[in-house]
Amino acid sequence: MAAAVAPVLRCSVLQRRPLRCGPGLRPVPGAGAALRPCSSRVAQEGINKPVIDRIIRVDHAGEYGANRIYAGQMAVLGRSAVGPVIQQMWNQEKNHLKKFNELMVAYRVRPTVLLPFWNVAGFVLGAGSALLGKKGAMACTVAVEESISEHYNNQIRTLIEEDPEKYKELLQVIKQFRDEEQEHHDIGLEHDAEATPAYSVLKTAIQLGCKAAIFLSERI
Amino acid sequence: MIVTVLSNPNHSRAVNCSLQRQHSQLPAGPARSGSQRPGNAPAARDAPAAQGCGPTAVVRCQQYPPLRALQASAALRGASDEHKKEPWASSSQQHFDSPPAGHQPEQKPQGPHPSYTGQGGQESEDYESEEQLQHRILTAALEFVPEHGWTAEAIAEGAKTLGLSVAAAGLFHSDGSELILHFVSECNTKLSELLKKEQKLVQLGEAEKKPIDEFLRDAVEARLRMLIPYIEKWPQALSVLLLPRNIPSSLNLLTSMIDDIWHYAGDQSTDFNWYTRRAVLTAIYNTTELVMMQDSSPGFEDTWRFLENRVADAMTMSNTATQVQSTGEAVVQGLMGAAVTIKNLAGLNQRR
């Protein structure tokens with residue numbers, strides 16, 4: 001009997017948050033915190049906490065990283081002709097980050113541990129690509145924004161599969177941000193991103209880095 | 001009749017039906033015989049003809065998911081005495097080996113005693129899950145912990161007060177892990193509710209918002225006071241919580257409690273501060289808990305004083321960190337200013 005109970009305990013401990021708040025059904029004690037009554041733990045009842053957690057955490061990390069990339073680019077190209085363009089894109093990213101900060105507090109999501117790392121890595125990527133010139137900076141923008149747009153699209157798909165009504169607000173936010181990232185991507189292309197020497201190599205490398213960053217930020 | 005069973009593609013369900021009827025006849029006893037139960041299983045409602053006829057009853061039975069087969073069989077049993085006869089017995093015996101494995105999992109979720117759910121399959125309010133039962137036993141066991149410690153004896157005593165056999169303690173590990181985790185979980189829930197109530201009072205304007213250090217102090221003190229009735233046996237509990245098997249659960253409980261306290265303290269950090277704050281509070285909580293184990297002062301005054309000092313240290317540390325950071329920034333700006341001045345003086349700062 002005890003042997004049968006142990007796997008149940010293990011399984012419920014692995015669940016980080018309650019998937020539903022069953023009326024009157026109290027959880028197995030070993031899973032205590034993971035399955036407590038919902039009211040103190042979520043912004044809204046009945047949401048799929050693990051999925052939303054991941055989405056908000058990785059999006060927050062992404063916007064934070066994008067912020068730092070533009071900061072790096074501005075540090076090098078701020079006083080050049082393309083400075084105002086980059087500044088404008090940077091301002092939009094700042095808005096995105098602000099929004100995700102609010103969502104993070106509302107849903108009580110833990111930020112990723114790797115934030116200090118993304119801080120440095122983002123700045124280095126931005127500054128490094130800007131040192132390749134205006135085209136290099138734009139190529140970096142194109143690569144990153146393409147990754148992010150695809151990533152947002154995946155999240156939109158996930159949320160729609162879950163429950164479009166329940167996550168309406170979040171869906172709206174992500175859709176709007178995806179559209180703006182797409183705009184940035186197009187601006188990058190307009191400014192001769194593809195004319196960069198070794199464009200495809202640069203683009204592939206940056207997109208690989210983005211994928212790794214997304215994978216890690218979702219989990220850690 | 002048997003031909004009908006064999007030729008039907010869903011015959012396995014029909015066999016389950018009769019198999020379970022066989023099984024459930026055993027504990028059911030004389031109370032089950034006789035007229036149709038008023039709390040009807042759907043089988044009976046949908047198949048009034050089933051009362052009269054064997055083959056039709058088999059066909060009806062097949063249409064329902066296996067979990068309902070138990071009620072179907074109960075209804076069939078209740079329908080008429082004619083059906084408790086050789087034709088059923090022989091047909092079930094012939095197909096006995098067909099799905100006994102399929103039969104088992106259906107029995108399990110119904111609970112330890114089929115009689116609880118036999119007729120009452122629809123009455124889910126009366127049905128108690130295994131988790132709820134375990135919860136009740138562990139809650140009852142807590143009052144015996146000061147005497148017996150966090151052991152199977154306490155659980156057995158708890159089970160006895162609920163009118164269950166002492167063998168119910170066999171549901172749990174012998175080292176009392178589940179009992180301790182249950183207790184910790186209950187304490188955390190109580191703390192959450194307490195903090196939420198306080199927050200509501202502040203929102204309604206009936207109470208002052210406490211400064212952070214006082215809030216943290218009060219929250220940790222409230223949580224630690226819940227240990228006082230069990231303080232004698234708590235060191236034993238701490239060592240059990242540190243068993244590798246229990247570490248994921250106990251860590252989970254600890255981190256969510258600390259997160260709760262910070263949430264109600266008004267923490268809205270979204271950067272690495274999130275981790276720093278929680279780490280600091282966890283350290284404060286754990287050290288204060290250990291001090292409490294050793295404390296023999298009246299009313300645990302020494303512990304509360306220790307707690308106050310630690311929280312004050314943490315506040316000082318965070319202030320110092322902020323000061324160091326702003327000093328550092330000021331120094332960097334000073335250096336940059338000096339560099340620009342030198343560039344200007346040397347005439348190197350030409351506008352491009």
Side-chain angles (χ1 to χ4, degrees), chain A residues 1-6 8-10 12-17 22-43 56-57 60-61 63-64 79-81 97-119 220, chain B residues 108 112 125 128-132 134-139 167-174 177-189 191-193 195-196 199 245-246 248-257 259-260 262-264 267-275 278 351-352:
Chain A
M1 262 282 208
V5 166
V8 173
L9 284 177
R10 227 192 335 271
S12 36
V13 162
L14 288 175
Q15 255 180 295
R16 291 251 317 135
R17 296 275 191 268
L25 249 167
R26 287 306 299 275
V28 174
L35 294 175
R36 253 190 291 149
C38 294
S39 47
S40 61
R41 301 210 53 94
V42 301
I56 295 182
R57 180 162 47 248
H60 175 261
E63 295 301 342
Y64 185 81
R79 267 176 277 150
S80 71
L97 183 61
K98 200 153 64 110
K99 183 65 185 168
F100 276 117
N101 280 336
E102 291 166 18
L103 286 175
M104 189 165 251
V105 171
Y107 285 91
R108 291 181 65 175
V109 176
R110 159 183 81 83
T112 164
V113 204
L114 299 169
L115 277 180
F117 183 67
W118 300 143
N119 188 351
I220 313 181
Chain B
K108 248 174 144 208
E125 309 88 46
E128 185 185 46
S129 74
E130 189 173 331
E131 292 166 0
Q132 283 176 320
Q134 287 182 350
H135 184 264
R136 277 203 308 142
I137 297 177
L138 291 176
T139 311
L171 281 172
F172 308 100
H173 278 115
S174 56
S177 300
E178 285 98 339
L179 183 55
I180 301 172
L181 290 168
H182 168 87
F183 172 67
V184 172
S185 165
E186 291 290 302
C187 287
N188 290 354
T189 314
L191 179 68
S192 254
E193 283 162 14
L195 293 175
K196 198 145 65 117
Q199 188 190 49
R245 178 165 39 90
N246 293 329
S249 323
S250 65
L251 219 50
N252 207 342
L253 287 166
L254 178 65
T255 50
S256 36
M257 180 212 8
D259 183 43
D260 252 359
W262 267 119
H263 169 77
Y264 286 108
D267 174 43
Q268 296 200 331
S269 46
T270 53
D271 52 3
F272 202 74
N273 264 327
W274 193 95
Y275 290 92
R278 277 149 185 79
R351 213 156 159 75
R352 247 177 259 123

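Per chain, numbering begins at 1; letters A, B, ... match sequence-line order.
Remark: Ile56(A) CD1 to Thr270(B) OG1 distance equals 12.0 Å, nearest 0.5 Å.
In this structure, Asp271(B) and Leu115(A) approach most closely via the heavy-atom pair CA-CD1, 3.8 Å.
Taking 4.5 Å as the limit, some side-chain heavy atom of Arg108(A) sits within range of a side-chain heavy atom of Asp260(B).
The environment of CD in Gln268(B) is sparse: at most 12 heavy-atom neighbours from other residues, nucleotides or ligands sit within 6.0 Å. Enclosure of atom OH in Tyr275(B) by more than 12 non-hydrogen atoms of other residues, nucleotides or ligands within 6.0 angstrom is indicated.
Proximity to chain B is limited to the backbone of Val109(A), based on heavy atoms less than 4.5 angstrom apart.
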